[in-house]
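Notes follow once the structure below has been shown.
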Amino acid sequence: MEEKNAGAAPSNFIHGIIERDIEQGLYGSKVHTRFPPEPNGYLHIGHAKSICLNFTTALKYKGLCNLRFDDTNPEKENAEYTESIMEDVKWLGFAWGERLFYTSDYFEKLYGYAETLIRKGLAYVDDQSGEEIKKNRGTLTEAGKDSPFRNRSADENIQLFHEMRDGKYPDGAKVLRAKIDMSHSNITMRDPALYRIKRASHHRTGDKWRIYPMYDFAHCLSDSIEGITHSICTLEFENNRPLYDWILSSLEILMPPKQIEFARLNITHTVLSKRKLLRLVKENHVSGWDDPRMPTLSGLRRRGYTPESIRDFCERIGVAKTNSTIDIALLEHCVREDLNRRARRVMAVLEPLKVVIENYPGGKNEEIEAVNNPDDERAGTRKVPFSKEIYIERSDFMEDPPKKFFRLGPGREVRLKHAYYVKCESFTKDASGKITEIRCSYDPATRGGDSPDGRKVKGTLQWVPAAHAAPLEIRLYDHLFASPEPESGDDDFVSKLNPDSLKIITGAVGEPCLAGAEPGETFQFLRTGYFCADKDSRPGKTVFNRTAALRDSWAKISNTK
RNA sequence: UGCGGGGUGGUCUAAUGGUAGGACAACGGUCUUUGAAGCCGUCCGUGGAGGUUCGAUUCCUCCCCCCGCAGCCA
């Protein structure tokens, strides 16, 4: 059959390339990828796209994926970052097995490759200052000028390179450069730096090295050392691909890995660059890398996002070469969809309004049975205490409600979820006009929420028993940036932060079971949203982060009027 | 005005010579012991001009627009 063979169809252009390579027997028809983060910050959802791509590609073609820390710049990197990165990759659901590597593992080998390049007359030590090198590089339209040190003998270059390693020269005094072509139309190829002197302590190799390889030199060789077949990276490295290939071919590396570039992820209402995220942290615009408003994996985790929802998102956005910005609504959709399936439903009230049920006996206490998830019987049921005084959401009562308002108002009857029909008989206000208390009657025949006489009500409200209310602090999050594309335009992106990205509600209450919620536990607060218990919780005050709100069509109706 | 990439509904993404499809968003309806979810429907697209062809998103030519590159960052 000619049918689009289900499993074998390439799911993106990279898989198309790989399938062609497999067919042609390239790399022995094996696939080996790697995720190569620099440990200079926390992973964000943009990295998740790359992680998912690399790991699932390997999985799909029965290959392997390595985790490799690209740690060639000790001044910016540290062990805190490597640990958080490993934690985040694991949390996302991927395993690198025994294949945890560091570019710094290869420093000695890399040094040897550099010597080989020098002996072949393909690299030289340049004494020009950084300023001079920059000046002589030329421009986009003008060729560069050869360095006066470009034609040193191989022996002299080897000796100088050894001296660089031995610490004979200060930072910046010399640099090892590839000898390619100072008039190349691709500026990357104008004798790029391969090694620089940096008398910095490295988080893994300590003070052993005074010279460190540059990305372009280290990356392609690390890939080849690990037997990587397809080296997947982002678009901004496209110009570097000729250099990637030049180094490997100059060193006569067999079966050179193939670099393939794809478009990095952008999302509306946030920023995804480590530099910018670091600034938000350093300038205290957020509480840290794991602030629930941050697009970091640690932030999303704390916010209540599940690894499954993030993986689903990464699959849905696709992999292509077109620059694109994904609507953050898609991310939110993914987490709602996942949580809708799994989250236990409970009742909580963000702004409590007391309701006294006048005809309910004062000393009476009963337990109402409530299902935990209407779409999943296995989630079971729980008991919720019920007595004369309860709390409902302040916004669920209107003194003078419009016709389309289905909730409580004078003389109106509604259902208390799982419990009884109640009817508003009266209410009281304080001097300022604020409603202070609602007085209702209930219909004992409607226990469980059904009326035997077939009487219908339009609204169903969540409620919390006043005597057993668990005090909650709720943190309501909105987009970090008010502007959909904070990086566009000339203004500093920080000026586009959303001043209302965090709203803290201290007086909320919830069902008694919420008092004991463990950090990371997720619930759907009926009619309100998905909430995740936070590590800031303390006895007497459970803290919840709102992961995502539920759709609110009443808000829409009332807003458009 | 160098080189390298890229242009499909509002946003992503399929279709590679044969009915432009899907998702998210928006809008409307339906259902409902969550005004949730679900279900149904609507709106909306091949950057432009030529050419080849019975037929072009796909192939050719020219043009336009967008992104990246001048770190001893990655």
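Chain letters run A, B, ... following the sequence lines, proteins first and then strands; every chain starts at 1. Hydrogens, waters and symmetry mates play no part in the numbers below; they use all other heavy atoms, side chains included. As the structure is a computational prediction, the values presented were derived from the model and not from experiment.
- Looking at the side chain of Q524(A), the nearest of the listed nucleotides rU11(B), rU34(B), rC12(B) is rU34(B).
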**Study point:** Stepwise ring-ring contact (aromatic ring centres under 6.0 Å, His included) test for W554(A) and F406(A)
**Key:** CA-CA 9 Å; W554(A) 164 244; F406(A) 298 157; 7.7 Å; no
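- Checked by distance alone, N186(A) brings no side-chain donor or acceptor within 3.5 Å of a matching partner on the base of rG4(B).
- Listed nucleotides: rC24(B), rG71(B), rC67(B). Nearest to the side chain of R316(A): rC24(B).
- When distances are taken from the side chain of R137(A) to each of rA70(B), rA74(B), rC73(B), the shortest belongs to rA70(B).
- Across the P atoms, rC54(B) and rC39(B) are found 46 Å apart, a figure rounded to whole Å.
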Point to revise | RNA chain B base-pair string [pairs: Watson-Crick or G-U under 3.5 Å; |: paired with another strand] | key: .((((((..((((....[..)))).(((((.......)))))....(((((..]....))))))))))).....
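- A donor-acceptor distance shorter than 3.5 angstrom exists from the side chain of D443(A) to the backbone of A445(A), with no hydrogens or angles considered.
- Nearest nucleotide to the side chain of Y215(A), out of rA74(B), rC24(B), rG6(B): rA74(B).
- The E238(A) side chain lies nearest to rG5(B) when the options are rG68(B), rG5(B), rC24(B).
- Taking a cutoff of 4.0 Å between a charged side-chain nitrogen and a carboxylate oxygen, R455(A) and D453(A) qualify as a salt bridge.
- Nearest nucleotide to the T141(A) side chain, out of rC27(B), rG2(B), rC12(B): rG2(B).
- The phosphate of rC67(B) (OP1 or OP2) has no side-chain N or O of T322(A) nearer than 4.0 angstrom.
- Side chain of A329(A), nearest nucleotide from rA25(B), rA70(B), rG35(B): rA25(B).
- A salt bridge is defined here as a Lys NZ or Arg NE, NH1 or NH2 lying under 4.0 Å from an Asp or Glu carboxylate O, and K276(A) with E487(A) meets this definition.
- Of the candidate nucleotides rU34(B), rG35(B), rC3(B), rG35(B) has the atom nearest to the side chain of F405(A).
- Not less than 6.0 angstrom separates the ring centroid of F237(A) from the ring centroid of H219(A).
- Residues passing the side-chain hydrogen bond (donor to acceptor under 3.5 Å, both in side chains) test with N186(A) are T188(A), sequence neighbours excluded.
- The side chain to side chain contact (heavy atoms under 4.5 Å, CB included) with D71(A) is formed by just one residue from the set E38(A), E77(A), K76(A); it is E77(A).
- Glycosidic conformation of rG71(B): syn, with the torsion inside 90° of 0.
- At a threshold of 4.0 angstrom between heavy atoms, the contacts of R407(A) include nucleobase atoms, whether or not backbone atoms are also involved.
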